[in-house]
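One structure below.
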There are 2 protein chains.
Amino acid sequence: MDTTTSTAVSSIERFMASELAGDIEFLTARTRALGSARANKALENLGLKVRSYSVLSLACSGLAPTQRELAEFLSLDPSQIVPLVDQLEERGMVERQADPQDRRSKVITSTTAGRQLYKKARAATTAGEAITMANLNPDEQKTLRNLLSRIAFSD
Amino acid sequence: MDTTTSTAVSSIERFMASELAGDIEFLTARTRALGSARANKALENLGLKVRSYSVLSLACSGLAPTQRELAEFLSLDPSQIVPLVDQLEERGMVERQADPQDRRSKVITSTTAGRQLYKKARAATTAGEAITMANLNPDEQKTLRNLLSRIAFSD
DNA sequence: CTTAATCATTGACTTTATCAATCATGTAAG
DNA sequence: CTTACATGATTGATAAAGTCAATGATTAAG
């Protein structure tokens, strides 16, 4: 007798037996919803969201992404990148640099302030991720990354 | 020498070395984007999307979900469930039934037509999922489901 | 050269998400 | 009982995301 630990969990357990709960699409959607809610909260103080954090991260990577590449890697439409870069640029965190190879493209690079912000943001998301993954041991976490990567980059 | 197989892939590889590419949040977001695009396409002919499919699936599960439970399980706001059920109900696929235990709640059940539609839809999404997971062997697929479940239901 | 393709950008438009308010019902306490 | 408070579905307002076509600047190809 006892199915009522917390209202939130009680009914969830019932549906874990459903066919839907075995769908990878569903599981990734739910995992992502949980993770990005947590990440957004962790980034709030820094004036960032998951999206702007992602752009900043790639800008700080030294890989010199163009906006088109950002769109592709982040699964976004190129038109969605524009306001993301706009905001970061206005804050002085990144810069649009004309690509000398192809003047249509704009390479996004980070400023010193951008790299400082990223360092803090990275710490925040890492901490959030640790909470999200608390149920998995380090080996399992590594495995999960590996498996997801092979799906996410299978195109 | 050859890095130019397809424009889409060429730059992606470069960014797989980035810190961001190791973030679980990022990997689930990308995996989900890929998967739900495929699933939506697979469901298009049936007049369904991932969301309505999920509701239909749970309605067909025999688990008698209430709308609140659907919202919780699908990580949606209760107000988002309303139009989803509306549409399926208008098509005669599901029914809102007053819960005799609690007349505030409405239990969503499937009709015969709903179960027939679900059968087709299930086949479509399963096929799509097989494509998504093609790079993983059966054991790996099972492992992935297990690991994701433990994160997705860790609340 | 001229034609076609690509990149960033804009703008229109649709779909999702978020949140407060409401009505009906249920629960708890005096 | 009845008063006070909590909950489930619904509505409506608003913000945020996603989708798509069109444009100007450039580059690539014939």
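Below, read A as the first sequence line, B as the second, and so on, with proteins coming before strands; counting in each chain starts at 1.
In this structure, B:V50 and B:N40 approach most closely via the heavy-atom pair N-OD1, 2.9 Å. A:S75 approaches B:R30 most closely through the heavy-atom pair OG-CG, 3.4 Å. In this structure, B:S154 and A:T132 approach most closely via the heavy-atom pair OG-O, 4.5 Å. Considering all non-hydrogen atoms of both residues, A:L58 and A:P65 come closest at O-CD, 3.6 Å. Nearest approach of B:T66 to B:E69, heavy atoms of both residues: N-OE1, 2.9 Å. Closest approach of B:L88 and B:S52 over heavy atoms only: CD1-O, 3.7 Å.
Map B:R51 and A:V107 each onto its nearest nucleotide of DNA chain C; the residue landing nearer the 5' end is A:V107.
Aromatic pair B:F73/A:F26: centroids less than 6.0 angstrom apart.
Clustering ILVMFWY residues whenever any of their side-chain heavy atoms sit less than 4.5 angstrom apart, transitively, puts A:I131 in a cluster other than the one holding B:L147. By the rule that hydrophobic residues join a cluster once side-chain heavy atoms approach within less than 4.5 Å of another member, A:L74 and A:V82 end up as members of separate clusters.
In this structure, A:R68 atom CZ and C:dA5 atom C1' are separated by 13 Å, rounded to whole Å. In this structure, B:E95 places its CD atom 17 Å from P of D:dA9, rounding to the nearest Å. Counting to the nearest Å, the P atom of C:dA17 and the CG atom of A:N40 are 13 Å from each other. Taking atom CZ of residue A:R32 and atom P of nucleotide C:dA17, one finds them 8 Å apart after rounding to whole Å. Counting to the nearest Å, the C1' atom of C:dT16 and the CD atom of B:Q87 are 13 Å from each other. The distance between atom CG of A:L74 and atom P of D:dT19, rounded to the nearest whole Å, is 14 Å. Rounded to an integer number of Å, the gap from B:L76 CG to D:dG8 P is 16 Å. The interatomic distance linking B:Q97 (CD) with D:dG8 (C1') rounds to 17 Å, in whole Å.
We find that A:E25 and B:R38 are not joined by a salt bridge, their nearest charged nitrogen and carboxylate oxygen being 4.0 Å or further apart. Under a 4.0 Å N-O distance rule, the pair A:E129/A:R145 qualifies as a salt bridge.
Axis angle across the helix from C:dC1-D:dG30 to C:dG30-D:dC1, with five pairs used at each end and values rounded to 10°: 30°.
Judged as a side chain to side chain donor-acceptor pair (under 3.5 Å), the pairs with a partner in residues 77-92 of chain B (not counting sequence neighbours) are, in order, B:D77-B:S79, B:D86-B:R96, B:E89-B:R96.
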Open item on the list: At under 4.0 Å between heavy atoms, how does the protein contact nucleotides 24-30 of chain D? Give one character per nucleotide, 5' to 3', with B, S or -.
Closed with: -BBS---
Task: B/S/- contact track for nucleotides 10-15 of chain D, protein heavy atom under 4.0 Å - done: BB----
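A:R115 is linked by a side chain to side chain contact (heavy atoms under 4.5 Å, CB included) to A:C60, A:S110, A:T112, counting only residues two or more places apart in sequence or in another chain.
Here the CD-CD1 distance, from B:Q67 to B:I108, works out to 4.5 Å after rounding to the nearest 0.5 Å.
Within residues 57-65 of chain A, no residue has a heavy atom under 4.0 Å from DNA chain D.
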